[in-house]
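Step one of this worksheet: look at the structure below.
Within every chain, numbering begins at 1; the chains are lettered A, B, ... in the order of the sequence lines, protein sequences first and strands thereafter. Both backbone and side-chain heavy atoms feed into the values below; hydrogens, waters and symmetry mates do not.
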There are 2 protein chains.
Amino acid sequence: MSDSHEREVGARIRADIIAGVHAPGAKLREVALAEQYEVSRIPIREALRSLEAEGLVESRKYSGSIVAPSPVEDAEDLFEIRIVLESATAKRAAKRAAALNASDTPDGRWRELRKEISEILDAGDAAIGQERFEDLAVLNMRFHFAVAELSGSLSFISLLRQISGKIEWLYSLNLMRRGPQAWPEHREIIAAIDAGQEAKAAEVMARHVRRSRDSYFAMMSDEHPRTT
Amino acid sequence: MSDSHEREVGARIRADIIAGVHAPGAKLREVALAEQYEVSRIPIREALRSLEAEGLVESRKYSGSIVAPSPVEDAEDLFEIRIVLESATAKRAAKRAAALNASDTPDGRWRELRKEISEILDAGDAAIGQERFEDLAVLNMRFHFAVAELSGSLSFISLLRQISGKIEWLYSLNLMRRGPQAWPEHREIIAAIDAGQEAKAAEVMARHVRRSRDSYFAMMSDEHPRTT
DNA sequence: GAGGTGTAGTTTGTATACAAAACTGTAATC
DNA sequence: GATTACAGTTTTGTATACAAACTACACCTC
């Protein structure tokens with residue numbers, strides 16, 4: 001998400017799945033994809049293996065791949081998991097910040113990330129000021145992944161990638177609505193991390209994600225008033 | 001895990017990483033792996049893309065793949081996430097059981113899985129009776145994945161695959177110790193699911209995983225008495 | 001001697017080509 | 001009429017071959 005960690009084609013296919021270009025249940029034929037994305041089948045296949053491991057695609061041997069069913073049913077539990085996961089990343093990031101503050105060992109990667117986060121936050125403020133709310137979705141994404149990187153844990157990063165892939169699939173539009181009031185919460189999170197306050201960072205992050213969840217369900221019940 | 005869902009070579013490489021054949025930080029050269037596992041580079045590369053998405057391997061473009069650092073540091077939080085995740089799978093499985101009990105719609109896949117679980121449980125009992133504790137690790141794995149499949153949620157299955165991949169890496173040996181007393185807890189979980197008791201299933205599963213976590217940390221402090 | 005530059009060699013990325021399995025529709029049989 | 005057997009087609013799986021990028025070490029310049 002942040003850097004070019006992603007294999008090019010895989011990222012594009014993922015984006016198209018999330019955007020609905022490839023609908024759930026649709027067959028993903030390798031030659032068709034190869035033509036569409038203008039590469040050979042090899043990169044397509046590698047991308048499909050990644051997406052399969054991420055749970056966005058389902059494959060059976062000699063039988064091809066289909067877009068996985070949308071995880072709407074799992075929304076509640078996915079948010080629950082995300083709360084636990086992101087609390088852990090915030091807590092860990094705060095812990096590392098405290099350690100860095102104590103010993104004055106300069107950490108290049110940390111500074112780099114911290115700077116990137118500041119830029120993300122400023123860009124978000126600017127977007128809100130100019131009412132370009134559509135930019136908030138990707139900025140939000142980048143913020144949460146940057147915090148995960150601050151945590152220094154690869155496990156957390158890969159788990160977050162997987163969960164947020166599914167959640168983004170569900171509600172990328174929602175951020176445009178909640179964005180303006182949610183954005184300032186990010187600064188609270190970073191403040192707690194910078195201060196090395198583990199418990200507070202975890203708590204503030206949990207509250208932030210919980211609000212995001214509530215906003216999602218509010219949106220859902222607006223759009224589908226009686227679908228239980 | 002359960003069926004042949006796994007690509008053959010990928011499963012073997014994963015197993016070797018978990019078993020320590022490929023140590024954390026080791027470079028994974030494609031030609032070397034191709035020779036070692038007696039296939040061409042193509043299946044190797046696809047396996048690496050899966051393992052990368054699972055967080056067991058780290059890759060950079062044109063620079064190859066290395067085994068990711070062991071997630072020991074994250075153990076506590078990974079268990080925390082696993083508790084939430086597996087509670088959700090148990091709850092969902094119980095919900096589906098209740099739905100099936102109500103409407104007498106016969107679900108082939110359900111019956112199949114349910115039968116497999118019974119066999120797993122019996123096999124575990126037999127293993128304990130004959131003191132073949134080393135078999136419990138894979139049986140335990142299969143049990144938890146089968147429950148995840150009962151939940152019917154692909155999201156949960158792929159998340160469980162990712163988390164348990166990391167956790168198994170940490171403590172596969174531990175099960176041989178705790179196995180004998182932990183095994184009967186599985187029957188409690190299944191009983192609650194069969195009865196369609198969502199809350200109870202979640203609760204029993206959470207307790208089961210919590211005990212597993214405690215046992216893991218007990219083992220760690222035995223082996224490394226003063227490593228803080 | 002320190003630092004940059006170039007080149008040889010290694011390693012990954014991708015395309016083409018072929019083999020193996022699955023699917024589909026037709027026809028023959030019960 | 002339904003079902004099964006079979007062949008043709010389609011689609012995936014894998015190997016080989018080649019191109020592109022990185023790495024390391026020697027060499028040249030300052």
Write out a two-atom table: protein N or O, nucleotide N or O from nucleotides 7-9 of chain C, distance below 3.5 Å.
none

Whole-Å distance separating the NZ atom of A/Lys27 from the P atom of C/dA22: 13 Å
Rounded distance in Å - CG (A/Leu33) to P (D/dT11): 12 Å
Which residues satisfy the salt bridge (charged side-chain N to carboxylate O under 4.0 Å, His left out) test with [X], sequence neighbours excluded?
{"X": "A/Glu76", "answer": "none"}
{"X": "A/Arg82", "answer": "A/Glu86"}
{"X": "B/Arg187", "answer": "B/Asp122, B/Asp125"}
{"X": "B/Glu112", "answer": "B/Arg109"}

Flag if over 12 foreign heavy atoms under 6.0 Å of CD, A/Gln130: yes
For residues 15-28 of chain A, run the donor-acceptor check on the side chains, cut-off 3.5 Å, and write out each pair with its distance to 0.1 Å, sequence neighbours left out.
from    : atom 1 : to      : atom 2 : distance (Å)
A/Asp16 : OD2    : A/Tyr37 : OH     : 2.7
A/His22 : NE2    : A/Tyr37 : OH     : 2.9

side-chain hydrogen bond (donor to acceptor under 3.5 Å, both in side chains) partners for B/Ser153, two or more places apart: A/Asp74
Listed partners of A/Arg96 passing side chain to side chain contact (heavy atoms under 4.5 Å, CB included), at least two apart: A/Asp107, A/Trp110
Residue list, side chain to side chain contact (heavy atoms under 4.5 Å, CB included) with B/Asp77, at least two apart or on another chain: A/Ala88, A/Lys91, A/Arg92, A/Phe156
Letter per nucleotide, 5' to 3', of nucleotides 11-21 of chain C [B base touched, S only sugar-phosphate touched, - untouched; heavy atoms, 4.0 Å]: SBBBBBB---S
Axis bend over the full length of the helix from C/dG1-D/dC30 to C/dC30-D/dG1, computed from five pairs that close each end, to 10 degrees: 20°
Within residues 64-73 of chain B or reaching into it, pairs that qualify as side chain to side chain donor-acceptor pair (under 3.5 Å) - sequence neighbours excluded: B/Ser59-B/Ser65
